[in-house]
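Structure record follows, encoded as structure tokens.
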Amino acid sequence: MAINKTINKRTNTHGAMRNCIEYVLRQDKTNELFTCVTGPYCHDEINYDLVYRTFLEEKKMWDKDSGRMYAHNIISWHKDEQITPEQTLEFGKEFAENWFGGFQTLVPVHKDKDHIHCHLVTNSVSYEDGKKLHNTKKDLERMKQLTNQMCRERGLTVAEKGKHFDGSQIEKGEVIAWSKDKYNLFRQQVKESFIADCAMAVLKALENCISKEKFIEKMKQFGWNVNWTEKRKHITFQNQDGKKVRDSNLSKTFHLDISKEGLENEFNGNYERVRAEAERTNGADEELAGYYRQVEAACEGAGGVTGASDGRERRVTGEKSEDVRVYPEISGKDTQAENGKTEAILRESRNARRNSEIKRRNSSFDNRTVRNAEAESIASEEQRRFEEQKRFEEQERARAARRRNKRRSGPER
């Protein structure tokens, strides 16, 4: 039983694409034996840095290095499905070539859960014609049909609506997996929807949260107090109306791991992603600082001095200095010309530093703009759902009133 799910998260930044690629290629989740890249990929090994740069080069080649950066799909199988990692990789690769033909797609297989699954991270720019990748709601349905067809061809189980993996009927009201659609359905059909509200608050609070204290603070902002102590086995959530929900209730209802251990694992995973991002940023800053040091060293050596007066190791006489090898144009006999070239290099260094700072400020501004747009989009979506729910309730009341009037005005017997 293969479920093909499209991950709808923010995908319009380089950082988001790099983080996604790094996550799906983590060594504790997959290895290179069960990983491939469809489309052009010129490297002998597959790691997140090489894949990220390959995707980026393709975008820059077509001058489409903005907007949506990638698409992320997960094809997962039931824990009782008889399928090997090799078959999973072959399945994911064939699906990528059929559905995302003309687009580079990274396909790693994960078996870190109780069920095997593969990720598909697809470059949003085609390497064939430079067109952007677009999927509509109709495409999602066709994607599901293709997944089922490929399962049938391999003798694998096909998901059937209203049935479990073993073919037994799903009982009415039974929630077997988490999704926003089921959440909305749950809100409409169940009176005590505070349980679903609590689940949604937990999922929102977990985003980018790296500590227990921050999680409790975010839950409070969403209207839920959290009783999380060492003496108690379970976490208890309580809303402003006094309604209480246990972590075990959420885990059982929505198949989420909302235990203490599960939340701590999420915090640690978020922390590692933040730390990795910080290390990459610091590495870029150090690389730029190294460039400045190299320029200054070259400028100091422009006068043809074979030794350094600031305590640095002297060079062997007759050997070309590193400065001369890197900046051959600043060596020579004409001191005036050397000084002029030195000034030019210093100007280049200052300009590079200035451009770097401008780029960093612009990046921060862009990130704030994206976050504001996301907040507005979420608020708009919640308002739309509220209005739809209100309209649905009004329609139900109107139907009930018409039924009552019809019964009253019916013919007397």
Side-chain angles (χ1 to χ4, degrees), residues 1-9 11 20 23-26 29-30 34-36 38 70-100 103 105-122 133 135-186 196 199-200 203 206 250-258 262 266:
M1 180 185 290
I3 304 297
N4 194 331
K5 182 179 180 182
T6 300
I7 307 300
N8 289 317
K9 286 193 174 183
T11 63
C20 179
Y23 171 78
V24 301
L25 288 178
R26 280 174 52 179
K29 294 182 176 294
T30 189
F34 305 127
T35 304
C36 71
T38 66
Y70 67 99
H72 185 188
N73 287 72
I74 300 176
I75 303 178
S76 59
W77 282 265
H78 192 274
K79 61 181 180 179
D80 296 329
E81 187 74 83
Q82 297 299 314
I83 183 170
T84 65
E86 292 84 358
Q87 292 170 332
T88 303
L89 178 62
E90 187 269 334
F91 190 105
K93 181 180 178 182
E94 182 177 329
F95 181 89
E97 290 172 344
N98 287 335
W99 189 265
F100 298 112
F103 294 84
T105 300
L106 169 65
V107 185
V109 175
H110 286 191
K111 208 174 182 308
D112 57 315
K113 304 289 185 184
D114 61 350
H115 61 281
I116 195 167
H117 58 282
C118 66
H119 292 256
L120 285 79
V121 182
T122 305
L133 176 67
N135 280 322
T136 65
K137 288 186 177 180
K138 290 183 179 180
D139 290 330
L140 296 180
E141 179 60 29
R142 289 174 45 239
M143 186 183 294
K144 172 185 174 182
Q145 294 172 2
L146 175 59
T147 305
N148 289 341
Q149 177 187 335
M150 291 176 62
C151 284
R152 291 189 189 96
E153 292 172 352
R154 289 164 171 76
L156 301 173
T157 310
V158 176
E160 293 185 58
K161 187 175 182 180
K163 292 186 179 181
H164 290 286
F165 175 78
D166 59 5
S168 61
Q169 199 71 26
I170 297 175
E171 297 296 330
K172 184 177 180 180
E174 181 182 358
V175 181
I176 62 171
W178 170 258
S179 73
K180 288 189 177 180
D181 291 337
K182 283 192 173 64
Y183 165 75
N184 293 328
L185 185 64
F186 193 75
M200 180 62 83
L203 292 176
L206 273 176
L250 295 178
S251 299
K252 182 178 179 181
T253 304
F254 299 105
H255 282 204
L256 297 169
D257 188 0
I258 310 295
E266 286 291 328

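No hydrogens, no waters, no symmetry mates; every other heavy atom, side chains included, goes into these values.
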(request) Please report the shortest heavy-atom distance between Gly92 and Cys118, naming the atom on each side. (result) CA-SG, 4.0 Å
(message) The criterion is side-chain hydrogen bond (donor to acceptor under 3.5 Å, both in side chains); which residues satisfy it with Thr105, sequence neighbours excluded?
(response) Thr122
(request) Report yes if the side chains of Leu106 and Leu25 come closer than 4.5 Å at any heavy-atom pair, otherwise no. (result) yes
(message) Could you measure the distance from the NZ atom of Lys138 to the CG atom of Asn135? Nearest 0.5 Å is fine.
(response) 14.0 Å
(request) Measure the CG-NZ distance between Leu120 and Lys5 for me, rounded to the nearest 0.5 Å. (result) 14.5 Å
(request) Using side-chain hydrogen bond (donor to acceptor under 3.5 Å, both in side chains) as the criterion, list what pairs up with Thr38, not counting sequence neighbours. (result) none
(message) Among residues at least two apart in sequence or on other chains, which ones pass side chain to side chain contact (heavy atoms under 4.5 Å, CB included) with Thr6?
(response) Asn8, Asn73, Leu140, Met143
(message) I'd like to know if the side chain of Glu81 reaches the main chain of His78, judged simply by a donor and an acceptor atom lying under 3.5 Å from each other, with no hydrogens or angles considered.
(response) no
(message) Test of understanding: with ring pair (Phe, Tyr, Trp, His ring centres under 6.0 Å), list the residues that count as partners of Phe91, not counting sequence neighbours.
(response) Trp77
(request) Using the test side-chain hydrogen bond (donor to acceptor under 3.5 Å, both in side chains), find all partners of Asn148 that sit at least two apart in sequence or belong to another chain. (result) none
(request) Report the residue from Arg152, Glu153, Gln145 that forms a side-chain hydrogen bond (donor to acceptor under 3.5 Å, both in side chains) with Gln149. (result) Glu153
(message) Could you work out, with salt bridge (Lys or Arg N to Asp or Glu O under 4.0 Å) as the rule, every residue matching Lys29, not counting sequence neighbours?
(response) Asp112
(request) For Thr30 and His110, work out which heavy atoms get closest and say how close. (result) CB-CD2, 3.7 Å
(message) The criterion is side chain to side chain contact (heavy atoms under 4.5 Å, CB included); which residues satisfy it with Leu89, sequence neighbours excluded?
(response) Cys36, Val107, Val109
(request) Check side-chain hydrogen bond (donor to acceptor under 3.5 Å, both in side chains) between His72 and all other residues, then give those that pass, not counting sequence neighbours. (result) His119
(request) Check the pair Thr147, Trp99 against side chain to side chain contact (heavy atoms under 4.5 Å, CB included), reporting the backbone distance first and the verdict last. (result) CA-CA 10 Å; Thr147 305; Trp99 189 265; over 6 Å; no
(request) Check Val158 against Cys151 and note the closest heavy-atom contact, atom names and distance. (result) CG2-CB, 4.1 Å
(message) Measuring from atom CG of Asn4 to atom CE of Met150, what distance do you get when rounded to the nearest 0.5 angstrom?
(response) 9.5 Å
(request) Would you list the pairs meeting salt bridge (Lys or Arg N to Asp or Glu O under 4.0 Å) in which at least one residue belongs to residues 141-151, sequence neighbours left out? (result) Asp139-Arg142
(request) Begin from the C-alpha positions of Leu146 and Phe95 and carry the test side chain to side chain contact (heavy atoms under 4.5 Å, CB included) through to its verdict. (result) CA-CA 8 Å; Leu146 175 59; Phe95 181 89; 3.6 Å; yes
(request) Could you pull out all residues at least two apart from Glu94 that satisfy salt bridge (Lys or Arg N to Asp or Glu O under 4.0 Å)? (result) Arg154
